[in-house]
Structure formats: C-alpha cells, structure tokens
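In listed order, ligands and their atoms are each counted from 1.
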Amino acid sequence: MAGRVALYDLTYSQLGELLADWGEPRFRVDQVWRWLYESLVGNFERMANLPKALRARLASEADLGLLTVLSERESATGQTRKVLFRLREGNTIESVLMHYQDRRTACISSQVGCGMGCLFCATGQGGLARNLSAGEIVAQVIHLAREIREAQIEAAEERGARAQMPEHPVTNIVLMGMGEPLANYAATWQAIETLTDGRGYKLGARLITLSTVGLVPGIRRLTEEELPINLAVSLHASDDELRNQLVPVNLRYPLADVMAAVHNYVQTTGRRVTIEYALIDGVNDTMEQAQGLADLLQDLLCHVNLIPLNPTPGSALQPSPRERVNAFRDLLQRRRIPATVRMRRGIGIEAGCGQLRQRQAGIGIP
Ligand code: SAH
Ligand code: SF4
C-alpha cells in the first residue's frame with residue numbers, strides 16, 4: 001500500500017534506522033531481519049518474539065507484499081515452475097524455479113522488460129518498462145523459498161515426521177530472468193548483499209550467478225566488488241558484424257572491449273567466467289563462428305554454455321539441430337575450451353531462457 005515502508009527494500013542498516021526511529025531496542029533489528037530472511041514468514045502476526053505493539057505498528061506502517069502472485073505453472077515433470085508476479089503499479093514479472101537432484105535454482109528478474117533489444121529474446125522484444133527495486137528482486141527469491149519450505153513441511157507432516165529444515169530452500173540463484181542486471185546495478189547489488197547477509201538468508205556468494213549481455217562499465221564495477229559471485233557473459237557471436245545484428249548493444253561495447261573487461265575480471269578475481277552462446281539455426285552455428293569463438297576464448301579461464309535457441313513468438317529464428325550443436329561443442333573441446341550443451345528446461349511452459357515476457361500492464365492473468 002502506498003506510504004508504507006517496504007521492508008524487503010531496506011538494507012540491514014536502514015531497517016536499524018527505522019526501528020531506532022520507532023524507539024525500539026537494538027536487538028529488535030536482528031529479530032525482524034531473521035523473520036524476514038530466515039523464518040521467511042509472510043505476515044507480522046507470526047513474528048512471535050516481537051511485542052504486540054511492535055507487530056501492530058509494523059502491520060499498519062510497513063509492508064511485506066511487494067509482489068502478488070498472479071499465476072503459477074509447472075512443467076509436466078514438476079521439475080520446473082514458473083511464477084508470474086504482479087508489481088504494485090500493475091506491471092508483471094516472471095521467475096522460474098528449477099529442481100535438480102541436489103539443488104533448487106531460482107532464475108530471477110532484474111527489470112520489467114529489457115532495453116537491450118536482443119533479436120532472439122522475448123523479453124527484449126517488449127522494451128524496458130522500469131527497473132526493479134532491490135526488494136522486488138529479493139522478494140522473488142523469498143517467495144520461492146517460502147513455497148519450497150511449506151511443501152517440505154507438508155510432506156514431512158504427511159509422513160508423520162518432523163520436517164528437517166534445510167537452511168536454504170533456494171540453494172542457487174541465477175540472474176537470468178527478465179532484464180539486464182548490470183543496467184540496474186545498484187538495486188541488483190543491494191539484493192545480492194541482502195541474500196548473502198550472514199544474519200539472514202546466508203546464501204554463499206558463489207552460489208549466485210549474474211548474467212550480462214556485456215555492459216563493459218558494469219563488468220568493471222563487478223570486478224571491484226568483494227563478494228565472489230559468478231559472472232556469465234552472453235556472447236552469441238564471435239565477430240562484431242554478426243554480434244551487432246543479434247545483440248545491438250555490441251555497437252556500443254564491441255567484442256574487443258567486452259573481452260578486455262572479461263580478461264581483467266578473471267585476472268583480478270581468479271574466478272572462471274561462464275560464456276553463454278545460444279545456437280541459432282543457420283545464423284551463428286557455423287564452424288567459422290566456432291573457430292572464431294575458440295580464438296576469442298583461447299587464453300581465458302572460462303566455460304562455455306551452449307544453449308540451443310528457445311523459440312519465441314514473434315521471431316522466425318530456430319534452434320540449431322542436434323548434430324550442429326554437437327559439432328560446435330566438439331570443435332571448442334578440440335581447441336581445449338570446456339563447453340557443454342545446457343539442458344533445456346521449462347520450454348513447454350515458456351520458462352526457458354529468453355522466453356520470459358512482460359504482459360500488458362494491469363491486465364492480470366494472461
Ligand atoms: N540480460 C542478461 C540476462 C538475462 S537473459 C543477458 O542477456 O545475459 C539470460 C540468458 O538467456 C542470456 O544468455 C540470453 O542471451 C539468453 N537468451 C535470451 N533469449 C534466448 C532464447 N530465445 N533462447 C536461448 N537463450 C536465450
Ligand atoms: Fe535483455 Fe538479456 Fe534479453 Fe538481451 S538477452 S534483450 S540483454 S534480457
């Protein structure tokens with residue numbers, strides 16, 4: 001509701017200031033923070049160790065509900081789940097949860113739409129509506145985590161057992177949903193700091209991956225950060241002529257500049273970078289492109305993720321056939337560049353990479 005403080009938008013110290021203004025003792029900050037990020041409760045009533053008066057004040061002046069669920073879809077196997085959220089003003093965003101044997105990965109959005117206009121991406125086709133706030137980024141993870149925890153408790157109760165609470169219902173985060181995270185740097189970074197905060201959700205920074213289209217100033221800024229998150233860079237072409245067409249921001253930050261920033265990142269941090277490459281039938285899947293990519297990545301500590309293009313409405317581009325995908329991978333591997341074909345997830349429910357799309361504002365369930 002307008003005028004209320006959105007608690008998920010606050011840093012730990014901002015929450016401290018708010019509670020200090022309200023005359024609360026210092027230790028309440030940790031208590032509220034733990035309710036938000038450890039217990040994951042969705043309402044103030046359940047914050048049992050807070051005095052009644054404080055709960056009442058929070059309920060009237062603060063807010064936990066930055067996102068409202070509009071709809072959820074699950075893949076046939078139940079391994080992938082897509083959630084459509086409504087923001088306060090009516091725009092919508094999507095997040096995806098992927099269950100693997102040993103981890104649960106949340107793919108989250110950083111913007112409503114995206115202004116980068118990549119040719120093959122459904123998000124890019126609608127343009128940028130606005131940046132998400134830090135709280136709107138964080139709340140996607142909290143929502144998914146809460147759902148997982150509730151399901152775990154329910155399953156344990158059915159077995160008549162006490163639920164074994166895993167510390168992290170969501171074990172990994174990828175910023176690969178809607179939007180370009182480095183075009184919304186401040187909010188994205190605040191969200192990462194909140195989710196890795198040792199007093200709350202405590203996710204290891206190494207379990208977070210930020211994917212960028214290649215915004216050079218953002219990569220340079222990221223290089224200076226202390227939190228060791230992972231970086232993924234979307235290349236999709238190995239020469240400027242082709243990349244200008246597929247990824248228009250290449251006109252501003254051409255490949256040589258992107259690669260220089262990426263080399264600097266790897267040298268400074270010592271961390272391996274992921275290179276993403278969507279294979280598009282007859283467009284960027286030739287052996288010449290593969291050779292060019294191998295040349296570009298020759299001396300770089302990296303791993304290449306090859307993603308057969310996910311088809312999107314409004315584009316005639318098609319995924320490369322399996323043989324060409326394998327040939328592309330084999331060539332990279334012969335050149336001693338680690339490359340794997342990424343398993344396709346969630347395509348049937350339009351939850352694959354690049355398939356997330358902003359619905360028209362205010363319309364509600366599509
Ligand atoms: N804006 C960032 C992160 C979001 S997109 C970026 O571009 O990196 C996440 C990944 O999905 C990127 O690697 C992007 O290139 C890829 N992608 C976009 N559209 C796709 C599609 N139709 N098929 C497969 N991958 C796609
Ligand atoms: Fe934006 Fe990434 Fe889609 Fe390009 S691929 S339009 S940068 S979300």
**Item:** Under 4.0 Å to a heavy atom of Val213 - the qualifying atoms of ligand 2, by number
**Value:** 7 (S)
**Message:** Only heavy atoms of Gly179, strictly under 4.0 Å: list the atoms of ligand 2 that pass.
**Reply:** 8 (S)
**Complete:** Nearest non-hydrogen protein atom to atom 18 (C) of ligand 1, with distance, is Gly354 CA, 3.4 Å
**Message:** Suppose we measure from atom 26 (C) of ligand 1 to each protein heavy atom; which comes out shortest, and what is that distance?
**Reply:** Cys353 O, 3.5 Å
**Request:** Return yes or no for this condition: an N or O of Gly179 is under 3.5 Å from an N or O of ligand 1.
**Result:** yes
**Prompt:** Do Asp257 and Arg252 meet the salt-bridge criterion of a basic N to acidic O distance under 4.0 Å?
**Reply:** no
**Mode of Met178 contact toward ligand 1 - side chain, backbone, both, neither (heavy atoms, under 4.0 Å)** = neither
**Nearest-contact summary for atom 6 (C) of ligand 1 - protein heavy atom, Å** = Ser234 OG, 3.5 Å
**Prompt:** Taking all non-hydrogen atoms of both residues, which atom of Trp189 and which atom of Leu227 are closest, and how far apart?
**Reply:** CZ2-CB, 3.8 Å
**Item:** Closest protein heavy atom to atom 10 (C) of ligand 1, given as residue, atom name and distance to 0.1 Å
**Value:** Glu276 OE2, 3.8 Å
**Request:** Please determine if Leu175 has a nitrogen or oxygen closer than 3.5 Å to a nitrogen or oxygen of ligand 1.
**Result:** no
**Pair Thr80-Lys82, side chain to side chain contact (heavy atoms under 4.5 Å, CB included): steps then yes or no** = CA-CA 7 Å; Thr80 304; Lys82 181 169 83 163; over 6 Å; no
**Request:** Decide, counting backbone as well as side-chain atoms, whether Cys114 has an N, O or S atom less than 2.8 Å from atom 1 (Fe) of ligand 2.
**Result:** yes
**Asked** When you measure from atom 9 (C) of ligand 1 to every protein heavy atom, which one gives the shortest distance, and what is it?
**Response** Met176 O, 3.6 Å
**Asked** By number and element, which atoms of ligand 2 are closer than 4.0 Å to a non-hydrogen atom of Met116?
**Response** 1 (Fe), 7 (S)
**Request:** Report yes or no: do Arg271 and Tyr265 form a side-chain donor-acceptor pair below 3.5 Å?
**Result:** yes
**Fill in**
Tested for side-chain contact (heavy atoms from CB on, under 4.5 Å) against Ile173, the lone hit among Thr209, Leu195, Leu207 is Leu195
**Request:** Could you walk me through whether Leu175 and Thr212 pass the side chain to side chain contact (heavy atoms under 4.5 Å, CB included) test, one step at a time?
**Result:** CA-CA 9 Å; Leu175 280 145; Thr212 178; over 6 Å; no
**Prompt:** Counting both backbone and side chain atoms, is some N or O of Thr312 under 3.5 Å from an N or O of ligand 1?
**Reply:** no
**Prompt:** Is it true that the side chains of Gln245 and Asn250 contain a donor and an acceptor less than 3.5 Å apart?
**Reply:** no
**Message:** Tell me the nearest of Cys118, Gly177, Ser211 to atom 4 (C) of ligand 1, using heavy-atom distances.
**Reply:** Gly177
**Prompt:** Taking only heavy atoms of Gly124, which atoms of ligand 2 are found under 4.0 Å from at least one of them?
**Reply:** 6 (S)
**Prompt:** When hydrophobic residues are tied together by side-chain contacts of less than 4.5 Å, even through go-betweens, does Val5 share a cluster with Tyr8?
**Reply:** yes
**Asked** Heavy-atom contacts under 4.0 Å between Cys118 and ligand 2: side chain, backbone, both, or neither?
**Response** both
**Message:** Applying side chain to side chain contact (heavy atoms under 4.5 Å, CB included) to Val138 and Tyr201, what does each step give before you reach the verdict?
**Reply:** CA-CA 10 Å; Val138 165; Tyr201 196 75; over 6 Å; no
**Prompt:** Between Thr196 and Glu193, is there a donor-acceptor pair closer than 3.5 Å when you use the side chain of the first and the backbone of the second?
**Reply:** yes
